Amino acid sequence: MKMQDLDTPALIIDLDKLELNIRDMANFARQQGVKLRPHIKSHKIPEIALMQVREGAVGVTVAKLGEAEVMAQAGIEDILIANQITGPAKIKRLLELAERVRVCVAVDSREGAGLLSQAAVGRNLQLGVVVEVDSGLRRCGVLPGEEVVDLAKDIMELPGLSFEGIMTHAGHVYGMESWQEAVEVGRREGELMLEVARLLEGAGIAAKEVSVGSTPTAKVSGQVKGVTELRPGNYVFYDAIQIALGVVGPERCALTVLSTVISTPAPDRVVLDAGSKTLALDKGAHGASLVKGFGIILGGDGLPESSLTIERLSEEHGVVAVEAGFSPEKPKLNARVRIIPNHACTVINLFDQVYGVRGEVVETVWKVAARGKLQ
Ligand SMILES: Cc1ncc(COP(=O)(O)O)c(C=O)c1O
């Protein structure tokens, strides 16, 4: 099958770019002597997780138990749930999973640790936990300092739990407005975690893992000596937000939405069959809105078409403003365009399947098996 045979909107992965991105981050981790545990929330596809493991990843990171279950089913044997698991139904599933594969889970309170401990003892299990540290995102996590030491001590006293170390996610990097600021967030992420590891050491507690990472910060915090593990996710695809932040250029973006011009109602406007149910409304997860419009339309040469801006989205329509003077070249009815989405991770969650292409040839079709796993 060729790409031109696909109906739209369709989600396309450029396999050459995907492979390059996976290899590049794996090489970086190898050179730094740190483990790579990619977050699979960005692709939700077991086949891609297995590619990451083949390239050297020690396992995967997930945000949801449902994602972990899908990955375990696919043969991934080492999973970090980088999220707080609290309710009884979820703890039961967590422990069932821990009987099948190696699972580690984040905690940020004594109460949370207590719930896990009680349940683990009930099943005669030893569950790995890491303390989630808040390095500036102000989401979950314990502030860096003595509080982490206190919680680690609590965990070590609780039966059924094994203290594995500390983790953080500097997601506030997405609120930055320049690459220099992003680098600073990455540097701080690594250094803060190292300070915490030293505090623990001072109290006689070894943090086996010092786990950090987001896509923008991975190659910065990953250079801080003492960091043991990186957890970038988005890097498999990259997207318009990463471009805006200066992480990569458009040539590295592996995920695009293939869309058709369904209307050309005015000289300065065309309409696409991709709306908010296809491109999502994201303009930046944690504050900044550096992106222009709702995705980057690529021209025939694969480079951003700066005269076309996806200005508005209805659910099933993308309204594109055509810059004045461009009208002779304006996309015609039924023309097809490829769009780099603003946020790849949310877009992949909207599709049942993706098409892996090499050039114009559709080489593979993958089910987005861990999509919609909210629980
Ligand atoms: C806990 C945690 N780790 C790692 C990541 C991966 O970050 P990124 O999407 O920037 O690659 C995320 C992303 O949300 C996260 O929440």
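Since this is a predicted model, take the numbers as computed values, not measurements. All ligand and atom numbering here is 1-based and tracks the order in the structure.
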- Counting only heavy atoms, which portion of R231 has something under 4.0 Å from ligand 1: side chain, backbone, both, or neither? both
- Would I340 and L255 count as a side-chain contact (heavy atoms from CB on, under 4.5 Å) if you check the C-alpha gap in whole Å, the side-chain angles of each, and the deciding distance to 0.1 Å? CA-CA 6 Å; I340 298 174; L255 191 80; over 6 Å; no
- Task: Go through the steps for V129 and E164 under the test side-chain contact (heavy atoms from CB on, under 4.5 Å), then give the verdict.
- Result: CA-CA 6 Å; V129 296; E164 298 294 324; over 6 Å; no
- Message: Taking V212's backbone N and O only, do any of them form a donor-acceptor pair with E229's side chain (distance below 3.5 Å, no angle check)?
- Response: no
- With backbone taken as N, CA, C and O and side chain as the heavy atoms from C-beta onward, which portion of R37 lies under 4.0 Å from ligand 1: side chain, backbone, both, or neither? neither
- Query: So, the side chain of D134 versus the backbone of L137: is there a donor-acceptor pair under 3.5 Å, distance only?
  - Reply: yes
- Spell out, yes or no, whether L200 and L143 are grouped together once hydrophobic residues are joined by side-chain heavy atoms under 4.5 Å, including indirect joins. no
- Show which atoms of ligand 1 fall inside a sub-4.0 Å distance from at least one heavy-atom site of P232. 11 (O)
- Considering only heavy atoms, does Y174 approach ligand 1 within less than 4.0 Å through its side chain, its backbone, both, or neither? side chain
- Task: Measure the distances from the heavy atoms of R139 to every atom of ligand 1 and state whether one is below 4.0 angstrom.
- Result: yes
- Note on the structure: Closest to atom 8 (P) of ligand 1 by heavy-atom distance, out of T215, L245, T217, L230, is T215
- Might you work through the side-chain contact (heavy atoms from CB on, under 4.5 Å) test for L94 and V103, ending with a clear yes or no? CA-CA 8 Å; L94 171 68; V103 177; 3.7 Å; yes
- Judging by distance only, is a nitrogen or oxygen of N234 under 3.5 angstrom from one on ligand 1? yes
- contact_flag G171 ligand 1 heavy-atom lt 4.0 Å: no
- Got more than 12 heavy atoms from elsewhere within 6.0 Å of CD, E99? yes
- Task: Examine the proximity of ligand 1 to P216 and report which part, side chain or backbone, both or neither, has a heavy atom under 4.0 Å away.
- Result: side chain
